[in-house]
Amino acid sequence: MRYDGLMNPQQQETNMADPVKDKHIVLGVCGGIAAYKAVNLLRVLVRSGAHIRVIMTRSAQEFVGPLTFEALSGQPVWTHMFGKQKDGPFRHITWANETDAAVIVPATANIIGKMAHGIADDPLTTFVLTVQAPILVCPSMNFQMYENRAVQENIKRLEQTGKKVLHPEVGALACGSKGPGRLPDVEVIAEGLRSLLCPQDLEGERILITAGPTQEPIDPVRFISNPSSGKMGYALARVARRRGAQVLLISGPTMLSNPQGVEVIRVRTAEDMFNAVMDHVEQTTIMVMAAAVSDWRPAGFFEHKQKKEEIAPDLRVEQTMDILKAVGRNKKGQILVGFAAETQDLKENACGKLTAKNLDLIVANLIGQDDSGFASDTNQVTLFYRNGRTEALPLMDKGALAGILFDRVLEIRKSV
Ligand code: CTP
């Protein structure tokens, strides 16, 4: 590929195919210092397009007022078991039946104990006992309380009964001490919730993904690169993680932040990327190479900035190593997916690469259109399979495409 341009500094990752979008989520808030963080979580989820209902325990209301949650969710907050409710006396049943997922933030020792033993004596515990949808429990408390044997046994019990527990982080606690008990960042909780809403069909897979461009330096201020934003590779990493995989993302220089829960190795050149991939290839079960690797690099590197007249007319270049080809040649049972960016003869070029690089699947797109390819949030691709099958997909956002690609990878896995 030869797209020698500078990366657009405006590149931003968008909210691609967010699993919480349009979902009905109940946020249970309990009485702990971290209750104020539940407000931020609510805002993150609302911004992602979720419909949120809030249930607060009596103690929670000592820390944050229900009005804050009511204003931000646009819904009445459930605070008392009894009293006039517009939706009748069976609110715990109606809300439970209308819920796609629930999250409890912060989950105190008290609610954890009640949930573990089936106690229902307030709106939140009554709801929790009724709801069939998945629940994410986010404990946060003083570390001595958290490490207390009874609390640990109750947490174990919750996990054994199918509740997902997002364990607290070790860090500075509100009481001035340090230890496990700190509520994870709200973005981490939101990501846990997204995962809860996705099938865990990639559990057990170790997936290596390459993303972004590479930069091949000419001198300290110039390099050869291409306009790849990395959005496709990052979307793949995020989706794979949400579906339960262990993910390693090897990324060239991008403006994107690391996806939650994904191990990221940042590299600059094709050679760095080659080395990072080769170091990890043996431990992977699936590899998706979405990086736009520079095919050429300067034959030498100038230690000092060169005057323009000194390099422009005869910059000598040499080919970089083809990472995907090297991986394809040596693969041992891994499923290997490549990308092909073409401006013409899509089928011929893509199928040529499929064979030459020993791939199971190649994702081909015609670049040069505004809504597809580099830096765009959407992509329109055709899939070419090793068995000769062709599948043209409509224009869609890169998150949705990432989901389809992993569906297809699992189909390939079943068929071999
Ligand atoms: N690729 C790679 N290492 C390279 C070049 C490409 O791993 N040095 C990978 C890309 O990540 C992509 C696939 O190979 O998955 C096809 O990349 P593309 O640039 O479309 O094709 P090239 O093989 O570079 O061929 P050409 O540029 O001549 O079309």
Side-chain angles (χ1 to χ4, degrees), residues 1-5 207-217 223-237 240 248-254 265 267-281 284 286-299 317-331 334-369 372-375 379-386 398 401-402 405-406 408-409:
M1 200 189 297
R2 261 154 267 150
Y3 304 102
D4 302 344
I207 304 183
L208 188 157
I209 295 165
T210 64
T214 63
Q215 289 178 357
E216 312 302 326
F223 55 80
I224 298 174
S225 191
N226 61 66
S228 167
S229 62
K231 287 179 182 176
M232 189 66 238
Y234 279 61
L236 283 158
L248 172 64
L249 175 65
I250 298 176
S251 171
T254 72
I265 298 177
V267 296
R268 185 176 187 201
T269 64
E271 190 176 358
D272 297 340
M273 189 173 274
F274 180 88
N275 290 334
V277 169
M278 291 309 160
D279 282 349
H280 294 89
V281 83
T284 63
I286 297 168
M287 282 176 282
V288 187
M289 311 297 246
V293 185
S294 246
D295 290 322
W296 298 95
R297 66 181 176 199
V317 291
E318 61 189 21
Q319 237 175 304
T320 58
M321 48 289 277
D322 191 319
I323 305 168
L324 186 51
K325 202 173 199 170
V327 167
R329 213 179 286 140
N330 299 310
K331 74 173 174 147
Q334 295 103 329
I335 293 177
L336 188 53
V337 180
F339 276 70
E342 307 295 343
T343 56
Q344 58 184 352
D345 303 328
L346 188 72
K347 182 169 184 176
E348 196 188 328
N349 284 326
C351 290
K353 290 173 190 176
L354 177 84
T355 312
K357 303 192 187 202
N358 193 21
L359 310 180
D360 296 284
L361 169 65
I362 192 156
V363 184
N365 71 327
L366 271 179
I367 53 160
Q369 292 143 352
S372 194
F374 290 133
N379 215 349
Q380 179 162 21
V381 303
T382 304
L383 309 183
F384 297 99
Y385 295 78
R386 182 198 276 275
K398 288 179 173 174
L401 175 58
L405 291 183
F406 284 117
R408 299 301 181 264
V409 164

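Because only heavy atoms are used, hydrogens play no part in the values below, and waters and symmetry mates are left out as well, while side chains stay in. Note that ligands are numbered from 1 as they come in the structure, with each ligand's atoms numbered from 1 the same way. Here the structure is a predicted model, which is why all the values come from computation and not from measurement.
Residue contact check for ligand 1: Ala270 places no non-hydrogen atom closer than 4.0 Å to it. Using a non-hydrogen distance threshold of 4.0 Å, Lys357 registers as a contact of ligand 1. Within the structure, ligand 1 has Met321 among the residues with a heavy atom less than 4.0 angstrom away. In this structure, Thr210 does not count as a contact residue of ligand 1, since none of its heavy atoms falls inside 4.0 Å of the ligand.
Looking at Val293 next to ligand 1, no N or O pair under 3.5 Å apart turns up. Annotation: Ala290 places no N or O atom under 3.5 Å from an N or O atom of ligand 1; distance criterion only. Here's the thing with Ser294: none of its N/O atoms is less than 3.5 angstrom from an N/O atom of ligand 1. For ligand 1, none of its N or O atoms has an N or O atom of Ala292 under 3.5 Å away. Residue Ile323 has at least one nitrogen or oxygen atom sitting less than 3.5 Å from a nitrogen or oxygen atom of ligand 1, judged on distance alone.
At distances below 3.5 Å, at least one donor-acceptor pair connects side-chain atoms of Glu216 with backbone N or O atoms of Ala270. Panel note: side chain Asp272, backbone Val267; no donor-acceptor pair is recorded below 3.5 Å. Side-chain N or O atoms of Ser251 include none that pairs as donor or acceptor with a backbone N or O of Gly212 at under 3.5 Å. Thr214 places no side-chain N or O within donor-acceptor distance of the main-chain N or O of Arg268, the cut-off being under 3.5 Å.
Between Met278 and Met321 there is no side-chain heavy-atom pair separated by less than 4.5 Å.
Heavy-atom contacts from other residues, nucleotides or ligands closer than 6.0 Å to NZ of Lys331 number more than 12.
For Glu318, the side chain to side chain donor-acceptor pair (under 3.5 Å) partners at least two apart in sequence or on another chain are Arg297. Qualifying salt bridge (charged side-chain N to carboxylate O under 4.0 Å, His left out) partners for Arg386, counting only residues two or more places apart in sequence or in other chains: Asp360.
Of all atoms in ligand 1, numbered sequentially from 1 with element shown, those under 4.0 Å from a heavy atom of Thr320 are 8 (N). Each of the following atoms of ligand 1 lies closer than 4.0 Å to a heavy atom of Ala291: 10 (C), 11 (O). Near Met289, with a cut-off below 4.0 Å to any heavy atom, the atoms of ligand 1 are 11 (O), 12 (C), 15 (O). Close approach of ligand 1 to Gly338 is summarised as follows: ligand atoms under 4.0 Å from at least one heavy atom of the residue are 15 (O).
The closest side-chain donor-acceptor pair between Tyr234 and Ser229, if any, does not fall under 3.5 angstrom.
Contacts between Asp322 and ligand 1, counted as non-hydrogen atom pairs separated by less than 4.0 Å, involve both the backbone and the side chain.
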